[in-house]
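Below you'll find the structure, written out as C-alpha cells, and then a few comments.
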Amino acid sequence: MTQYLNYTTAELSADLRYLKLLSRSFPTIASASTEIINLEAILNLPKGTEHFLTDIHGEYEAFQHVLKNASGTVKRKVNEIFGNTLRENDKKDLCTLIYYPREKLRLVRQSEKNMSEWYEIILNRLVKVCQSVSSKYTRSKVNKALPKDFSYIIQELLHETEADPNKHAYFNQIISTIISTHRADDFIVAMCELIQRLAIDSLHIIGDIYDRGPGAHIIMDTLCDYHNVDIQWGNHDILWMGAGAGNDASIANVIRISLRYANLDTLEEGYGINILPLGTFAMETYENGSLENFIPKIKFANRFYTDREVRMFAQMHKAISVIQWKLEGQLIEKRPDFNMSDRNMLRHIDYDRMTINIDGVDYKLTDTDFPTIDPADPNRLTPAEDAIVTQLHNSFVNSEKMRKHIECLLSRGSFYLARNNNLMFHASMPLNADGSFRQVTINGTKFAGKALFDRLDELVQVACRSDNDETEKDNEYEIDYMWYLWCGPDSPLFDKSKMATFERYMIDEPETHKELRGNYYELHDQEEICDRILREFGLHTEGAHIINGHVPVKTINGENPVKAGGKLLVIDGGFSKAYQSTTGIAGYTLVYHSRGFQLVQHQPFESRQKAIEDGQDIISNTVLNEYKAKRLKVRDTDKGKELIRQVDDLNRLLAAYRKGIVKERN
C-alpha cells in the first residue's frame, strides 16, 4: 500500500497546523511528490566521507597537506582509477598536481616542451578523478561546489564521457577549446580544488589547533572558510579563547608558551599583539640575572635565531612566567571554589632559604633571581608589570583577527559532538574510581556526565561573547573559569592532579613534575566504561566509537591508539614537532567513508617545498580497517534520519491533499 494512505483522518487533523505550514513550501501534490522522490534518491547514495584530525598545534604546513590529500584518500582514488595503466611516477605527479596545482604548473612549464599535449592528457585524467569523487553526491550538491567561472563546462565534462561514441567529438572539443583559449591553467586549478573539496564531505577537528607550531592563525583562516567543519575545543584552544575574552592569566600563559617554543608568528603576524613593551621591560629587569631555566626550545622553531635573539627571548620568557604565576595566584585567591590553593606557588616559597614546600616537602629552587617579587606580598604586580598586563590585555581583546577566529570557534565549535554514532570530545570525561560520573561544582552547582559538558559548552559561549564593559562584568565568573578549564583538576579538557609548569621550570627533582592523570585515563580501555559514556550521550553502543585527542600516543613505545576493543580511538600521535621524538610518528588521522573506518598513521612531513618539487607525500600507513559488510548509505547517518523524517512529513502532506484535509494551491 502507498505509504501516504496509511494515515487516518484523525492523525492528519491532529497535525493540521503543521501540515498547512508545510504546504506553503510544497503547495501541490506534484511538488510534494517530486521532493519525496528527490529525498528517497539521496537516502540511497553512499555515505559522505568524514575526516577526523586533532592536536594540530599550529603545524599549518602538515595540516594543509593532510587536508589536501584527505589522509591518503586522493592517492587511493588515483590508484583505483588508473591502477597499472599509469606508471607510479605519473600517478605521483598527478597527486602532487591535485594538492598544489599552481605551484606544480609553474614547475611543469619550466620543463615540458609540448604543453598542449600535456594539457590534454592531464585534463582527461583530472576529469576521471573528479567524476569518481563526485559520484556519491547529488548533481545539485556538486553544482553548489563548482567554481563560478567554469561551472557549466565542468558539469558537461562530469556527466559526459569520451567513451560514448555520440559524445566523443563533443567531449574532446571541450578539452581542445579550453587549451586553445589559454584557459587550461585556470581550469586545472579549478578542477584540482574541486577534487580536494569533494574528497571530504565533512571535517572534524577534535581540539588543540593552537600553541607550539608557527601557524595557528593560518589554520584558523582555513577552517573559517572550510565548506563543512566542526570543532571540539581542546585545552589549548580554550586558553587562547580565554585570552581573547580578556582573562589575564590566560594571556600570560599564551605568551609564555609562545616564547618557550620561540614562536611569535601567531601572536605578532597573526593577531597583531605588540610584545615590544614586554621585551623592553624584560631586558631591563633581567639584564644580569639567571636565564638558564628559560632558554626557548629553538630546535622546534621555524627559523634561525642569533644568540642575542635567544637571550632576549629568554628574558621575556622569564618576565612573563613570573607575571603568570602572580596572576594565577591572584585568581586562585579570588576564586576559592576552584580549590587550587596548592597551586598558589609564590605563596609556598620560603624567600629566606629560597625553597618551596610541595606536599610537605621542601625543595631547593634552581633560580633565585626574583627582582619583582615582594616576599611580603608575592602575588602583587609591580607598577611596571601592571602596565604591561594592561597593555597586553587591550591588545588581545581589541584584536579584530582574534575576535573573528573566536567567533568562528564559537559558531562551529562545541565541547563535544555526537554524530553518526560517534562521540567526539578532546580529552576526558571526569570519572570516579568506580567508573561512575564524577560531580564537578561550577559556581555552586554540581554537574556530571553529559550535563557537565552541556553546562561547560554554555559557559564558554557566555565567557567569549562579551561585547562591552557591562557584559564583561556580567560574565566575570565565566571568564575566570576559562583559565580553570585550561589547568583545573576537574576540567574535562585537562583532568590531571596539577599542571606542573612551575615545578618543571624551577625544581630539579623529577617527582615534582609528575602530573597524575584522572580516572578516565585509567579506565577508558574498558569496554563497559566506554559503553556507559556512549549511553550517557544517547548513542547505541554497537558499532559506536569515542574519539579523543589530547594525550600523544607513544607509538615508539608500542602504545596502541585503538582501545577498549575498538570502542575508543585516540588519534593524537604527534602533529607537533615537539612531540615527535616521544611519539615516533607525526600523528594519526581518521577517515570514515561508506565502507567503514580507516585509522591512518603518518610519518613526519618534511616541507611544502619538498612536496611540490619532489612529489613527497606524507608516508601514511593504515593501522585500522573497520570495514562494513554492507556499504553505508546516507539513510544510515544522522542526516539520513533527518531526511527520513522529512519524507514522512511529506507523505502525511500527500495524504492530507488526497483526503481533502489540506487544499492544493495553484
Side-chain angles (χ1 to χ4, degrees), residues 51 53-71 99-100 102-103 196 203-226 229 231 233-241 243-244 253-275 296-305 309 313 395-396 399-409 412-413 426 549 552 572-580 586-587 589 602 604-612 616-618:
H51 196 190
L53 286 78
T54 184
D55 295 271
I56 305 160
H57 285 302
E59 298 292 347
Y60 70 97
E61 284 198 347
F63 163 76
Q64 289 177 333
H65 189 80
V66 167
L67 213 59
K68 289 173 183 294
N69 78 359
S71 287
Y99 307 153
Y100 304 101
R102 290 181 177 85
E103 296 86 346
Q196 290 180 32
L203 175 65
H204 308 291
I205 304 294
I206 311 178
D208 278 3
I209 297 162
Y210 284 90
D211 283 332
R212 296 188 174 89
H217 57 295
I218 300 172
I219 295 168
M220 282 304 305
D221 282 339
T222 302
L223 294 178
C224 291
D225 293 335
Y226 200 76
V229 63
I231 301 165
W233 305 312
N235 56 322
H236 288 269
D237 307 319
I238 286 291
L239 181 65
W240 281 74
M241 293 166 75
N253 270 278
V254 161
I255 296 171
R256 177 187 59 78
I257 294 170
S258 298
L259 288 165
R260 179 174 174 82
Y261 290 92
N263 163 35
L264 299 179
D265 291 12
T266 298
L267 278 173
E268 294 184 320
E269 296 175 17
Y271 296 127
I273 305 299
N274 180 15
I275 64 166
K297 296 178 179 291
I298 57 173
K299 66 179 180 179
F300 302 121
N302 64 327
R303 64 183 66 175
F304 172 78
Y305 290 106
E309 288 173 321
F313 274 15
S395 289
F396 271 82
S399 169
E400 291 185 14
K401 187 69 167 285
M402 179 169 285
R403 173 49 49 188
K404 175 189 172 184
H405 285 172
I406 289 177
E407 290 295 335
C408 176
L409 286 164
R412 299 192 178 213
H426 177 66
D572 176 10
F575 249 109
S576 172
K577 293 176 183 177
Y579 287 147
Q580 288 170 9
T589 56
H602 303 285
F605 179 66
E606 188 167 344
S607 72
R608 174 188 172 95
Q609 184 178 356
K610 285 286 186 182
I612 295 165
Q616 282 190 4
D617 206 343
I618 292 181

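Throughout, residue positions are numbered sequentially from 1 according to the sequence presented.
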L239 vs I257, side-chain contact (heavy atoms from CB on, under 4.5 Å): CA-CA, chis, key distance, verdict: CA-CA 11 Å; L239 181 65; I257 294 170; 3.9 Å; yes

Heavy-atom closest pair, residues A262 and I298: CB-CG2, 4.1 Å

Run the side-chain contact (heavy atoms from CB on, under 4.5 Å) check on I218 and E61 step by step: do they pass? CA-CA 9 Å; I218 300 172; E61 284 198 347; over 6 Å; no

Quick check: do S258 and R212 have side-chain heavy atoms less than 4.5 Å from each other? no

Do V254 and Y271 pass the side-chain contact (heavy atoms from CB on, under 4.5 Å) test, and can you show the C-alpha distance, the side-chain angles, and the key distance before you say yes or no? CA-CA 12 Å; V254 161; Y271 296 127; over 6 Å; no

Under a 3.5 Å cutoff, is there a donor and acceptor pairing between the side chains of H65 and Y100? yes

Sequence neighbours excluded, the answer for side-chain contact (heavy atoms from CB on, under 4.5 Å) partners of L203 is H51, L53, L67, I205, L223, Y226, V229

Can a donor-acceptor pair be found, under 3.5 Å and without considering hydrogens, that links the side chain of D208 to the backbone of N235? yes

Determine, stepwise, if the pair H217 / H405 fulfils ring pair (Phe, Tyr, Trp, His ring centres under 6.0 Å). CA-CA 8 Å; H217 57 295; H405 285 172; 7.8 Å; no

For the atom pair CG (D221) and SG (C408), what is the distance rounded to the nearest 0.5 Å? 9.5 Å

When rounded to the nearest 0.5 Å, the distance separating CG of N253 from CZ of R256 is 5.0 Å

NZ on K297 to CG on N263, rounded to 0.5 Å: 14.0 Å

In this structure, CG of D211 is separated from OH of Y261 (nearest 0.5 Å) by 8.5 Å

Do W240 and I406 have side-chain heavy atoms sitting under 4.5 Å apart? no

Might you point out which heavy atoms bring Y60 and P214 nearest each other, and give the distance in Å? CE2-CG, 4.0 Å

OG1 of T266 to NZ of K401, rounded to nearest 0.5 Å, is 10.0 Å

Would you say that I255 contacts F396 through its side chain, given a criterion of any heavy-atom pair below 4.5 Å between the two side chains? yes

Which atom names give the shortest non-hydrogen contact between E309 and F304, and what distance separates them? OE1-O, 4.2 Å

If you measure from CD1 on I56 to OG1 on T54, what distance do you get to the nearest 0.5 Å? 7.5 Å

Given I219 and Y210, is the side-chain contact (heavy atoms from CB on, under 4.5 Å) satisfied, shown in steps? CA-CA 9 Å; I219 295 168; Y210 284 90; over 6 Å; no

Does any part of the side chain of M220, heavy atoms only, come nearer than 4.5 Å to the side chain of C224, both counted from C-beta? yes

Quick test of your reading of the model: are R403 and E407 salt-bridged, counting only N-O distances below 4.0 Å? yes

Could you check if a side-chain atom of T222 sits within less than 4.5 angstrom of a side-chain atom of F63, using non-hydrogen atoms only? yes

Would you find a donor on one side and an acceptor on the other, under 3.5 Å apart, between the side chain of D237 and the backbone of I209? yes

Does the side chain of D55 come within less than 4.5 Å of H426's, by heavy atoms? yes

